[in-house]
Amino acid sequence: MNFLDLHRWDVTPLEAIEIQNRLRRQLILDQAPAVIRTIAGVDVSNAFGSNRLFAAVVVLDLQHPQPKGFPILEVATASLEVAFPYVPGLLSFREIPVVLKAWEKLQIRPDCLMADGQGIAHPRRIGIASHLGLLVDLPSIGCGKTRLIGAHREPGPLQGEWSPLIDRGETIGAVLRTRDGVSPVFISPGHRMTLDRAVEIVLSSQLRYRLPEPTRMAHQLVNEARRAA
DNA sequence: GCGACAG
DNA sequence: ATCTTGTCGC
């Protein structure tokens with residue numbers, strides 16, 4: 001398998017795993033951006049048993065919060081018919097193609113991206129947030145609503161409290177309470193990111209909902225795009 | 001062999 | 001992921 005193969009999407013599950021094993025070595029996890037001015041939220045929507053996927057990317061201005069939320073600097077959407085099925089651990093190969101199609105329309109290059117799913121909290125330490133961060137060469141954060149792998153204690157009930165997510169003796173993420181009393185989200189560094197910075201950035205992009213604004217807005221926008229289609 | 005399993 | 005608005009509960 002040569003370098004070009006790492007950019008093919010019409011692969012078998014076995015080939016996908018091999019690509020992940022090669023790509024994971026390129027991840028940078030010992031440094032993170034000190035300041036984030038703009039952040040992109042990424043989400044994908046898929047209609048009930050269909051292979052027609054929709055993606056939305058929304059760029060938010062974290063530096064100038066308004067009463068209603070963070071200013072939306074840009075939105076890009078796309079749709080695509082895909083063949084790769086949903087396989088736990090191989091989500092990237094189903095969802096990233098349509099995300100890249102939307103991403104290419106973006107005029108702004110954000111400082112960071114946040115994806116709906118895991119970063120390194122993945123069996124091979126390369127979830128969709130890590131994979132996407134590598135492809136667009138940006139710091140990235142995974143923000144999943146549920147767990148893929150790892151064990152953890154129940155985090156404290158207050159906003160900002162978190163418990164480490166641990167797999168094979170390694171801390172791979174944080175189970176973070178984003179608001180008092182809500183069920184926690186699963187945060188993990190994706191690429192060019194550390195866990196502590198990921199948690200800080202998530203909390204700084206937090207408004208009054210369970211999900212941080214980047215993924216919450218992206219989820220809202222992708223559903224609008226899908227209904228309009 | 002059995003259970004778990006992002007979206 | 002998705003079918004779905006108002007409604008029950010802290």
Side-chain angles (χ1 to χ4, degrees), chain A residues 9 13 16-17 19-20 23-24 27 41-57 77-102 113-135 140-152 157-159 165-168 172-191 193 195 198 202 208-212 214-229:
Chain A
W9 300 104
I17 289 173
I19 289 171
Q20 288 181 329
L23 281 179
R24 60 186 288 189
L27 290 174
V42 177
D43 191 38
V44 172
S45 166
N46 120 39
F48 170 65
S50 161
N51 282 326
R52 169 65 57 176
L53 300 189
F54 291 79
V57 180
T77 63
S79 84
L80 184 68
E81 189 79 17
V82 299
F84 202 93
Y86 169 69
V87 178
L90 300 179
L91 179 64
S92 293
F93 293 85
R94 179 170 174 81
E95 293 196 346
I96 284 187
V98 67
V99 170
L100 290 180
K101 189 173 176 183
L113 75 86
M114 184 184 298
D116 193 357
Q118 315 298 331
I120 62 169
H122 176 281
R124 287 168 293 283
R125 304 290 184 266
I126 179 163
I128 189 168
S130 298
H131 201 147
L132 199 49
L134 271 178
L135 293 183
S140 65
I141 297 168
C143 177
K145 296 179 289 299
T146 61
R147 184 193 70 97
L148 175 59
I149 59 161
H152 64 89
L158 300 182
Q159 179 176 53
L165 181 64
I166 296 172
D167 178 60
R168 292 180 270 156
I172 58 174
V175 185
L176 173 67
R177 198 79 67 181
T178 50
R179 297 287 292 170
D180 291 1
V182 303
S183 55
V185 297
F186 293 76
I187 303 303
S188 55
H191 178 47
M193 183 63 60
L195 178 56
V202 167
R208 69 195 108 165
Y209 303 92
R210 178 194 177 211
L211 296 182
T215 49
R216 193 184 73 84
M217 293 302 298
H219 189 263
Q220 181 177 306
L221 290 163
V222 75
N223 281 321
E224 288 175 14
R226 187 168 66 81
R227 269 185 298 170

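Naming: A, B, ... by sequence-line order, numbering from 1 per chain.
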What's [X] touching, base or sugar-phosphate or nothing? Going by heavy atoms closer than 4.0 Å.
| X | value |
| --- | --- |
| A:Gly89 | base |
| A:Ile128 | base |
| A:Leu90 | base |
| A:His219 | sugar-phosphate |
| A:Arg52 | nothing |
| A:Gly144 | sugar-phosphate |
| A:Asp116 | sugar-phosphate |

Heavy-atom donor-acceptor pair, [X] side chain to [Y] backbone, under 3.5 Å:
| X | Y | result |
| --- | --- | --- |
| A:Ser130 | A:Gly190 | yes |
| A:Glu95 | A:Leu53 | no |
| A:His191 | A:Ala129 | no |
| A:Asp180 | A:Gln159 | yes |

| Could you give the CG-to-P distance, from A:Asn51 to C:dA1, as a whole number of Å? |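 Rounding to the nearest Å, CG of A:Asn51 and P of C:dA1 are 17 Å apart.
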| request: Mind calculating the distance between CZ (A:Arg227) and P (C:dA1) to the nearest angstrom? | output: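 Distance check: A:Arg227 CZ to C:dA1 P gives 15 Å.
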| field | Side-chain H-bond candidate by donor/acceptor type, A:Asn46 with A:Arg226, under 3.5 Å | value |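 Note: A:Asn46 and A:Arg226 side chains miss the donor-acceptor criterion.
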| message | Quiz question: by atom type and distance under 3.5 Å, do the side chains of A:Thr178 and A:Arg210 form a donor-acceptor pair? | response |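 The criterion, which ignores hydrogens and geometry beyond distance, is not satisfied for A:Arg210 and A:Thr178.
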Please produce a list of atom pairs where a protein N or O lies less than 3.5 Å from an N or O of nucleotides 8-10 of chain C.
none

| request: May I have all residue pairs that pass salt bridge (charged side-chain N to carboxylate O under 4.0 Å, His left out) and include part of residues 114-132 of chain A, sequence neighbours excluded? | output: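 For residues 114-132 of chain A: A:Asp116-A:Lys145, A:Arg125-A:Asp167, A:Arg125-A:Glu170.
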| task | Please state whether the phosphate of C:dA1, meaning OP1 or OP2, lies under 4.0 angstrom from any side-chain nitrogen or oxygen of A:Asn223. | result |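 For A:Asn223, the contact criterion (side-chain N or O under 4.0 Å from OP1 or OP2 of C:dA1) is not met.
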| Contact interval (first through last nucleotide) of DNA chain B with protein chain A, 4.0 Å heavy-atom |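 That gives a stretch of B:dA4 to B:dG7.
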| query | Centre of A:Tyr209's six-membered ring, under 6.0 Å away, within 45 degrees of the axis: is that where NZ or CZ of A:Arg216 sits? | reply |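 The answer is yes; both the distance and angle limits are met.
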| query | Can you say whether the rings of A:Phe84 and A:Phe93 are parallel (under 30°), tilted (30 to 60°) or perpendicular (over 60°)? | reply |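 The rings of A:Phe84 and A:Phe93 sit tilted, inter-plane angle from 30° to 60°.
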